[in-house]
Amino acid sequence: MVTQHRFLQVNLNRSAMAMALMRKTIEEKNIDLVLAQEPNIKALGTSDIYCDTKQDAVIIVCDIFKSNVSECGKGPGYVWVRIEDTLYYSCYFSPNKSNQQFLCFLDKLQRDIKGKKNTNKMIISGDLNAKSKTWGAKYTDSRGKILEEFIAEAGLWIINVGNRPTFQTERGSSVIDITLATEMVAKEISNWYVDTDSENLSNHNNIFYTRNKQTKRIQEPEKTNSWILNTAGLEKIKKQIAEYWDFPINADLNEKVKYLRETIKKVCNNSLSKTNKSKRRPPVYWWNAEIAELRRTTIKKRREMTKTGRDINIEDRRKQAEVAYKKAKLNLKIAIRKAKSDAWKSLLLEIDEDRWGKGYKIITKKFRKCTPIPDEETEEAQIKKLFPSKPQITWDEPEYTEQQPNFTVEELKEALSKCKNKKAPGPDGIKIEIIKAVAEGNYHLLLDCINSLWQKGAFPTEWKIAKLVLIEKPMKPEMQNKEFRPICLLNNISKLYERLIKTRLENEIRENGDLSEQQYGFRCGKSTLDAIKYVMQRAEETNKVGYKNRGFCLLVTLDISNAFNSARWEIIVEELINKKIGSHLIKVIQKYLTNRKIRTSRGRVQEITCGVPQGSVLGPILWNVLYDRILKIKCPKGTSLVAFADDLAVVVCAKSEIEMQEKAKDAIQLVKNELDKMDLTLNLEKTDAVLLSGRRKLPELKIKISENFYVKTQKKIKYLGLVIDKDLRMAAHVDHVVSHAEKTAVAIMRLMPNIGGPGDTTRRIYATVAKSVIMYAAPLWMKVWKTKIYKEKLERLNRRLAIRVARAYRTVRHSAVLVIAGLPPLELLAIEKEDIEKGKSKEMSRRDLLTNWQARWNEERCWTKELINNIEPWINRGHGELNYNLSMVLTGHGTFNTYRKRIKKDETGLCWFCEEDVKDTLEHTVFECKRFKEKRLELNTKIKDSISKENMTNMMIKSEKNWNDINKYINDIMDVKREKERSIERKK
């Protein structure tokens with residue numbers, strides 16, 4: 001099978017607009033790889049772009065190639081990636097450097113190539129500013145001769161064809177961009193050409209070529225159904241499902257399941273329209289008809305200019321053509337810049353209409369990227385690694401005689417309510433929203449099928465086939481090879497059946513003694529915070545006693561290799577039997593586990609012989625049943641095990657170092673022995689340890705884990721998302737979350753300009769995205785508020801968010817801007833979370849927060865305090881949006897001459913509109929200035945009261961009409977003042 005890959009080679013001349021237009025070229029020409037030189041650094045971005053150390057050469061990887069980059073590297077003037085079995089180099093060398101420097105550059109490049117393995121397949125593209133007749137230049141210069149020698153020595157082939165100029169300006173043209181390849185690759189390259197007819201806003205022309213690579217034939221995956229969901233269509237399904245239903249009573253279970261699937265598909269085809277998934281690249285977001293027309297005009301003017309010769313008789317005509325081309329090129333650049341700006345403004349306006357759309361995805365970096373299919377060899381290796389093979393199991397049929405109670409409509413409704421919408425469907429393509437519509441149309445139709453399976457203790461074969469998607473993990477510096485995360489997509493109807501089984505299983509486990517209290521994962525009412533809190537309490541208890549009796553507390557975190565996929569099915573069933581689970585449930589789970597399969601992206605089906613099913617509903621509880629054996633190990637006194645899913649921590653408390661080390665070694669050895677019996681592997685290399693010593697300064701210790709392995713205690717480790725330092729001060733965690741939240745805050749600020757952009761309700765929602773990062777495990781790190789430096793770090797970040805929510809000046813007081821924005825202080829939020837953790841209701845905790853916030857606010861003395869005396873009515877008002885002008889009035893920081901004098905923008909501080917020497921304060925502008933007397937009288941008539949600083953905010957809170965009237969008045973007067981300020985600035 002021959003696969004074609006399209007390449008673009010271009011020098012972008014440091015132009016941001018050239019880079020923008022290049023994105024359109026990638027879309028139109030279906031480019032797979034871009035080898036570019038002289039990019040614009042500001043417009044470069046980071047996604048799938050590899051750049052050299054000097055930022056002179058880049059490689060941009062598109063679509064299918066993204067998952068196939070196995071290696072990458074860079075040097076001064078060159079960058080390389082290895083995709084599948086081929087090396088790709090992008091190079092640039094400046095024309096302003098000497099030939100000696102060029103020799104040094106080629107020498108470094110040659111040494112870099114020789115240091116690689118498998119260099120028989122390679123492409124080198126670049127602008128080396130060397131001329132030679134060999135690759136189409138009019139003459140050979142000294143640098144061209146040096147490059148010719150390098151090409152001959154490296155055994156490379158020159159791919160350039162013809163003599164079309166790769167560099168072209170009104171002053172002349174030349175061929176200085178070159179494409180080189182090894183013999184094996186050169187024979188696969190075709191259609192190499194320089195595009196001199198199109199416009200790319202650079203002095204260098206685009207170079208295109210195709211590689212026709214012989215590959216193995218890929219088996220096409222089975223096509224799945226996909227329908228466009230809408231309210232009308234789902235309502236139609238509810239009404240029509242009974243009409244399509246003619247359930248075969250005497251059919252076997254697999255036929256019934258097949259009939260259920262086909263019936264749902266029929267009603268979907270009749271009620272919903274199918275999606276049209278185009279294979280074309282997504283369009284450039286800022287492209288429009290005007291830019292397309294300007295590009296055509298620019299290309300036309302370019303051709304007219306190149307057609308005029310160098311004859312003296314037509315010099316004037318050539319100059320006119322050059323001027324016309326430059327003007328057209330400038331117009332195109334201006335149009336692109338304006339279109340990109342308009343697209344950004346449009347996004348800001350759309351945020352209020354779709355708060356969870358593009359804006360939210362920009363902040364949280366949740367834009368869905370394409371999931372490229374890894375090459376066949378990589379896919380097979382990953383499947384072998386992720387899904388180990390175990391011996392097949394033959395189950396003994398359990399004995400049972402009693403008729404099992406059927407699932408009820410109430411159980412089905414509860415199970416459906418727990419199924420989340422907008423989740424990817426399984427191999428059948430039927431989304432959960434469709435299943436819910438079918439059920440609401442007639443609950444008994446689904447129940448009849450599910451109860452038939454339940455009474456027979458069966459689990460259909462087609463419901464045990466998962467669609468496998470491999471998601472590449474981000475590469476870390478210590479990683480040598482790419483790693484993938486497996487996502488297994490199961491049919492939603494099977495998940496519904498699993499959820500019903502899970503409820504029955506949980507009830508039986510609870511009745512027979514329940515699971516260990518030390519398992520905090522996949523348990524109702526337990527969370528990561530509970531696990532962390534347990535560890536912290538043990539450490540604090542150890543460090544609380546007197547100095548002479550104070551012991552040691554050690555935290556060791558263990559990692560189990562590929563835990564979920566390696567769980568033995570027979571051990572799971574054995575544990576269920578030990579917990580005295582009913583024989584019928586055990587039979588269903590045995591059927592559920594056996595004959596499971598995954599379908600790869602290439603359509604290959606692989607049998608799974610162990611592991612709790614990925615992406616399933618029953619998988620987590622079955623894992624907990626299996627892992628319960630570990631948590632019930634009798635560890636040495638003072639030692640305990642804490643688990644969250646497969647994350648296992650050993651907490652060791654002892655009186656002396658030797659005792660602590662012995663207990664840790666014994667406990668870990670007991671765990672390792674039990675894991676060995678369960679055929680699970682402890683990854684010793686990923687074992688971390690920290691000695692939770694409090695303020696004591698203790699030397700670094702080596703903990704003996706096994707005969708030949710020691711682990712050193714560290715100053716801090718990350719456990720379940722919390723950075724725990726040895727002195728338990730939580731300073732390291734605060735540094736970590738502030739650094740993380742600041743990145744989110746920067747993205748938020750770009751979406752929230754002071755003028756324009758989303759309303760303050762949406763702004764507050766987006767601000768909570770950053771604050772949620774900070775507030776994770778807040779009750780555990782509250783103690784940092786006693787340390788001034790960390791308190792300031794947290795408040796500084798909260799202040800930056802509040803300023804953007806309130807659209808206020810940076811000079812506004814911290815306490816005031818928090819009130820205006822309606823964002824509580826972080827310290828009070830932490831106390832609120834702690835109260836909720838202790839069992840206090842959310843309503844009571846929020847009431848206490850507002851009481852404490854109000855007490856702090858009462859101590860403040862500022863203009864905002866005079867306008868907003870009570871916090872609760874202000875933040876719970878239910879109407880009214882803040883804007884830039886209103887924010888200036890609420891803070892007193894803005895276009896008021898007393899404030900402008902303070903920041904040295906005005907000398908007198910007097911009012912512009914009043915004849916006498918009156919200070920232009922906020923109070924004077926809004927409530928007294930003669931210039932706005934008529935507007936005030938008009939406003940007083942509308943609100944049926946006289947506006948003053950004592951009642952302004954109360955009147956605004958009172959009704960939405962009052963808010964709009966007062967807001968309009970403030971906008972009118974502040975617009976006048978800002979225009980006056982601009983006219984004064986222009987005169988200066």
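Heads up: numbering here begins at 1 and tracks the sequence. Every heavy atom of this structure was used, including side-chain atoms; hydrogens, water molecules and symmetry mates were not.
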Participant: With respect to Tyr592, which candidate in Trp463, Tyr497, Phe459 satisfies the ring-ring contact (aromatic ring centres under 6.0 Å, His included) definition?
Facilitator: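 When Trp463, Tyr497, Phe459 are each tested with Tyr592, the ring-ring contact (aromatic ring centres under 6.0 Å, His included) holds only for Phe459.
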Participant: Which heavy atom of Lys422 sits nearest a heavy atom of Glu433, and at what distance?
Facilitator: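 Smallest interatomic distance, heavy atoms only, reads N-OE2, 2.7 Å.
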Participant: Is it true that Phe564 and Trp623 have ring centroids separated by less than 6.0 Å?
Facilitator: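 Yes: the rings meet the under 6.0 Å criterion.
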Participant: For Glu508 and Asn512: C-alpha separation, side-chain torsions, deciding distance, then whether side-chain hydrogen bond (donor to acceptor under 3.5 Å, both in side chains) applies.
Facilitator: CA-CA 6 Å; Glu508 288 203 25; Asn512 295 325; 4.7 Å; no
Participant: Salt bridge check, Lys390 against Asp679: does any charged N sit closer than 4.0 Å to a carboxylate O?
Facilitator: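 Salt bridge present between Asp679 and Lys390.
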Participant: Just so I know, are the side chains of Leu555 and Val652 near enough to count as touching, which here means a heavy-atom distance under 4.5 Å?
Facilitator: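 They are not in contact (no side-chain heavy atoms under 4.5 Å apart), so the answer is no.
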Participant: What is the distance from atom OG of Ser516 to atom CG of Asn624, rounded to the nearest 0.5 Å?
Facilitator: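 Between atom OG of Ser516 and atom CG of Asn624 there are 10.0 Å.
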Participant: Charged N to carboxylate O under 4.0 angstrom, Lys579 versus Asp628?
Facilitator: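 Yes, Lys579 and Asp628 are salt-bridged.
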Participant: Which distance, rounded to the nearest 0.5 Å, do you find between the CD of Gln714 and the CD of Glu700?
Facilitator: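 These two atoms lie 8.5 Å from each other.
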Participant: State the CD-OG1 distance between Glu498 and Thr503, to the nearest 0.5 angstrom.
Facilitator: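 Going from CD on Glu498 over to OG1 on Thr503, the span is 11.5 Å.
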Participant: Return the minimal non-hydrogen interatomic distance between Asn562 and Asn565, and the atom names on each side.
Facilitator: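 Answer, listing the atom of Asn562 first, then Asn565: OD1-ND2, 3.0 Å.
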Participant: Between Glu837 and Lys533, is there a salt bridge with N-O shorter than 4.0 Å?
Facilitator: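 Yes.
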Participant: Do you know which two heavy atoms are closest between Leu823 and Ala767, and how far apart they sit?
Facilitator: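 Closest approach of Leu823 to Ala767, heavy atoms only: CD1-CB, 4.3 Å.
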Participant: Report the C-alpha distance between Lys431 and Asn421 in whole Å, list the side-chain angles of each, state the deciding distance to 0.1 Å, and finish with yes or no for side-chain hydrogen bond (donor to acceptor under 3.5 Å, both in side chains).
Facilitator: CA-CA 8 Å; Lys431 296 183 179 180; Asn421 292 338; over 6 Å; no
Participant: My understanding is that only one of Gln661, Lys655, Lys663 makes a side chain to side chain donor-acceptor pair (under 3.5 Å) with Glu659; could you say which?
Facilitator: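 For Glu659, the side chain to side chain donor-acceptor pair (under 3.5 Å) test succeeds with only one of Gln661, Lys655, Lys663, which is Lys663.
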Participant: In terms of side-chain geometry, is the basic nitrogen of Asp530 or Arg523 positioned less than 4.0 Å from the acidic oxygen of its partner?
Facilitator: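 No, no charged N to carboxylate O under 4.0 Å.
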Participant: Should the pair Lys840-Glu834 be classified as a salt bridge under the 4.0 Å nitrogen-to-oxygen rule?
Facilitator: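 So Lys840 does not pair with Glu834 through a salt bridge.
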Participant: Using 0.5 Å steps for rounding, measure from the CD1 atom of Ile577 to the OG atom of Ser583.
Facilitator: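 So the gap between those two atoms works out to 10.0 Å.
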Participant: I'd like to know if Glu574 and Arg568 make a salt bridge, using a cut-off of under 4.0 Å between side-chain N and carboxylate O.
Facilitator: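 Judged by the 4.0 Å cut-off on N to carboxylate O distance, Glu574 and Arg568 do not form a salt bridge.
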Participant: Starting at CG of Leu576, measure out to CD1 of Ile581 and round the result to the nearest 0.5 Å.
Facilitator: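 Separation between the atoms: 6.0 Å.
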Participant: Between Lys418 and Glu414, does at least one N-O distance fall below 4.0 Å, as a salt bridge requires?
Facilitator: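 Answer for the salt bridge query: yes.
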Participant: Calculate, to the nearest 0.5 Å, the distance between atoms OG1 and CD1 belonging to Thr557 and Ile724 respectively.
Facilitator: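 So the gap between those two atoms works out to 9.0 Å.
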Participant: Charged N to carboxylate O under 4.0 angstrom, Glu832 versus Lys842?
Facilitator: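 Looking at Glu832 and Lys842, the cut-off is not met.
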Participant: Checking side-chain polar atoms at under 3.5 Å, does Arg510 have a donor or acceptor matched by the opposite partner on Asn507?
Facilitator: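 Judged by distance alone, the side chains do pair up.
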Participant: Which heavy atom of Leu631 sits nearest a heavy atom of Leu641, and at what distance?
Facilitator: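 For Leu631 and Leu641, the tightest heavy-atom pair comes out as CD2-CB, 4.1 Å.
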